[in-house]
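First up is the structure itself, then whatever we jot down about it.
Every value quoted in this text rests on a predicted model; they were computed, and no experiment measured them.
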Amino acid sequence: MRIPTLCCLSALLCACATQARDPSPAADVGMPATIAPIDVPSIARPGGETAQWWFRSGAAAAAERGAMEGRAKNVILFVGDGMSLTTVAAARILAGQQAGGSGEEHRLGWEDFPHTALSRTYNTDMQTPDSAGTMTAMASGVKTRAGVIGLAQARPRGDCSDIDDNALLTVLELAESAGLATGIVTTTRITHATPAATYARSPDRDWESDGLVPAAARAGGCVDIAQQLLDSRFGRGPDVVFGGGRKHFMTADQADPEHADKRGLRRDGRDLIAEWRAKHPGGAYVWNRDQLDAARGRTPVLGLFEYDHMHFEHDRPRDPGEPSLAELTREAIGRLRSAGDGYVLLVEAGRIDHAHHFGNAHRALTDTIALAEAVDAAVELSSDDDTLVLVTADHAHTLTFAGYPARGNPILGKVRGALGDADANIARDLIGLPYTTLGYANGPGYTGASDAQPAGSKYFRHEAHGVTAAQGRPDLTHVDTQDPDYLQESVLPLIDETHGGDDVGIWARGPGAAAVRGNVEQHAIFHVMVQATPKLRQRLCAAGLCNADGVPVELPRPQDFQGTP
């Protein structure tokens, strides 16, 4: 059952808009029981790819898999930034070992979801992607360039021309336009690439506050990302915003409330926190757990819990005022359930990525376990009868898992029991030295001497610029490789470890989740969310963007979706 194609005719637009507000199956009465294949034009790739082509191809992939059968009221998208399949496997084992088991048999919460797929993550211009382009794909249904947020691929990074013509509608903006509540939870700055892709448009992900936008770009009409959270041209903005990054919302004259030695970075004199409060007199701005508790029941809410990024989960206990990702997820869902008739929520474990860049598997894995706890919280607070929950990653990393360790060997330890050694002796390489199960293909764990640390094993944080070639490998016999600050060895010396270009997982439960199967392009995730949620797809149909079966196939323009229909 689908929305009639007459929804695309102006004579019945009002009736269709009414349907768009009714998510019940009755709203789709009279439509065919099957969806005809969607024609996707054959093009020369990559040269022939356009925003419209990407949107239509994603719609076809989701519809072919049955996403239109979904009847979701709510959607929760969890993104483990940089959460490669290797990261998931290693975190699963670590969590199991922390619970007293051997680890391999353990399951992270989302691994019990009934539907899975693989996601191809490349950007339109990069084989190995970045978070701006990948999250834009998931948030808008259109793949784009690396480093670009909320804009199609027609212009290169940093180009401020034709912003309006290349702007992409995000799933949160679509949800708001359809009358749903919306929220963002992240452990990064709220202006960082992944969360920003749900509300902002910027040809450069680094333009988080006005002082970071070049003068020529400002003259060309580009606006910093923090400002766009407040000054959205396409709706009121998210009902719940939890993350870090106060520095991009405060003026250079303002001292941070938690770190008196730090000042804001804004040069335009705008106190965006004060402006948010004035815009939302019934809402609440908070920056610690006590304030969050005191503001319970108040929506909208803006929570900026750190001057910069929030802490890694390993380090969070040192700041008792900072809530966990699971706590913030609970708070967000509680508010969104009471704020409207359905909701769309993004939850990002953003610092998995940062720990990998630092070459520190311990922090990457413990942040992945924290994400699992947040997913468990969401499952507890929602029903798979009406809530589509997706767990995925934006891209992979170069973490490796190898060496034939025995069952139950500490995942962060040295390899023991290689190839069934009954005595579980430490395994050694061909020059007689121990080695670890986990490693990195590149990054700051390279063991040569640097301008920051001597030759040998490296420790968090290793910020090196000059490096000397390693003279063999260090002897790890007496090195505690399970030390949380230990950096796994890397093959190539780089300031930061890089992303990986391999596929990442998607795990799904709830209405429409059965469409998550096989190997899909990353931008199809948007189309699964939209097609599986009647209010979202009907809002697009009311704008005349659907085909004869009620499948949204035409690229929406953000300026056509301001406010509720």
Side-chain angles (χ1 to χ4, degrees), residues 51-52 54-55 58-59 62 74-79 123 131-145 148-153 163-186 190-203 205 223 225-241 243 300 332 336 340 342-348 388 390 392 394 522-533 535-537 539-540 543 545 552 554-565:
Q52 171 57 42
W54 282 115
F55 193 87
N74 314 305
V75 178
I76 307 174
L77 174 63
F78 286 93
V79 176
N123 297 141
S131 296
T134 52
M135 189 60 208
T136 294
M138 290 188 279
S140 70
V142 174
K143 285 205 176 196
T144 192
R145 297 173 182 267
V148 173
I149 291 173
L151 297 170
Q153 69 187 68
I163 292 291
D164 285 346
D165 289 341
N166 288 291
L168 301 171
L169 181 73
T170 78
V171 67
L172 261 66
E173 291 165 340
L174 174 62
E176 180 185 329
S177 173
L180 279 68
T182 61
I184 307 169
V185 177
T186 180
I190 197 64
T191 50
H192 210 237
T194 300
T198 65
Y199 66 84
R201 289 152 193 86
S202 177
R205 59 175 290 173
V223 177
I225 293 168
Q227 181 179 332
Q228 292 184 58
L229 183 64
L230 268 74
D231 297 342
S232 173
R233 296 167 51 203
F234 310 113
R236 66 181 181 273
D239 299 284
V240 174
V241 177
L336 294 175
Y343 61 83
V344 175
L345 171 64
L346 165 71
V347 180
E348 183 206 17
L388 172 62
L390 300 166
T392 189
D394 49 356
Q522 190 169 45
H523 68 298
I525 293 173
F526 167 91
H527 296 276
V528 170
M529 293 189 291
V530 168
Q531 291 180 23
T533 309
K535 278 195 171 184
L536 298 182
R537 68 182 187 234
R539 179 68 182 98
L540 291 171
L545 301 175
E554 300 298 329
L555 182 70
R557 300 189 315 160
Q559 50 267 44
D560 295 334
F561 290 81
Q562 301 182 51
T564 56

Tell me if a side-chain donor or acceptor on [X] pairs with a main-chain N or O of [Y] at a distance below 3.5 Å.
X      : Y      : value
Thr136 : Ala132 : yes
Thr170 : Ala139 : no
Gln228 : Arg201 : yes

Minimum heavy-atom distance [X]-[Y], with the two atoms named:
X      : Y      : result
Thr198 : Leu172 : O-CB, 3.8 Å
Ala197 : Met135 : CB-CG, 3.6 Å
Glu348 : Pro195 : OE1-CD, 3.4 Å
Thr182 : Pro238 : OG1-CA, 3.2 Å
Arg205 : Ser131 : NH1-N, 3.8 Å
His523 : Gly141 : CD2-O, 3.3 Å

| said: I'd like to check the ring pair (Phe, Tyr, Trp, His ring centres under 6.0 Å) partners of His527; sequence neighbours left out, ordered by chain and number. | reply: Phe55
| said: Measuring from atom CD of Gln531 to atom CG of Leu540, what distance do you get when rounded to the nearest 0.5 angstrom? | reply: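 Reported value, rounded in 0.5 Å steps: 10.0 Å.
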| For the atom pair CG (Asp560) and CG (Leu545), what is the distance rounded to the nearest 0.5 Å? |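 Going from the CG atom of Asp560 to the CG atom of Leu545 covers 8.0 Å.
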| task | Check the pair Gln522, Met138 against side-chain contact (heavy atoms from CB on, under 4.5 Å), reporting the backbone distance first and the verdict last. | result | CA-CA 6 Å; Gln522 190 169 45; Met138 290 188 279; 3.7 Å; yes
| remark: From the list Ser140, Ser202, Pro203, side chain to side chain contact (heavy atoms under 4.5 Å, CB included) partner of Leu151 resolves to Pro203
